Amino acid sequence: MKITLLLAAGVLMVGFGVWSLYVGSRYQALCELSYWSASSAELKHCDDRAGELSGR
């Protein structure tokens, strides 16, 4: 039981790390801003810009 909980916690931590790296690098590459310190308006503008680049 204890091993299962530790394994689940480890998998969640690794998953969050991968997600964090993906999201952070995406916004850094597209708009040169940090996802963690940007305002919601800046993130929305970056998402709109990404949509224009992909043709959506």
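What's counted below: heavy atoms across the whole structure, side chains too, no hydrogens, waters or symmetry copies. Computed from a predicted model, the values in this text were never measured in an experiment.
Grouping the Ile, Leu, Val, Met, Phe, Trp and Tyr side chains by contacts below 4.5 angstrom, directly or via other members, places Tyr22 with Leu33. Residue Phe16 is grouped with residue Val23 when hydrophobic side chains (ILVMFWY) are merged at heavy-atom distances under 4.5 angstrom, including chains of intermediate members.
Here Asp48 contributes atom CG and Leu43 contributes atom CG; the two are 11.0 Å apart, rounded to the nearest 0.5 Å. Separating the NE2 atom in His45 from the SG atom in Cys31 is a distance of 6.5 Å, to the nearest 0.5 Å.
Within 6.0 Å of CD1 on Ile3 lie no more than 12 heavy atoms contributed by other residues, nucleotides or ligands.
Residues passing the side-chain contact (heavy atoms from CB on, under 4.5 Å) test with Trp36, sequence neighbours excluded: Trp19, Ser20, Ser34. With sequence neighbours excluded, the residues forming a side chain to side chain donor-acceptor pair (under 3.5 Å) with Tyr27 are Asp47, listed by chain and number.
Nearest heavy atom pair, residue Arg49 against residue Leu30, reads NH2-O, 3.3 Å.
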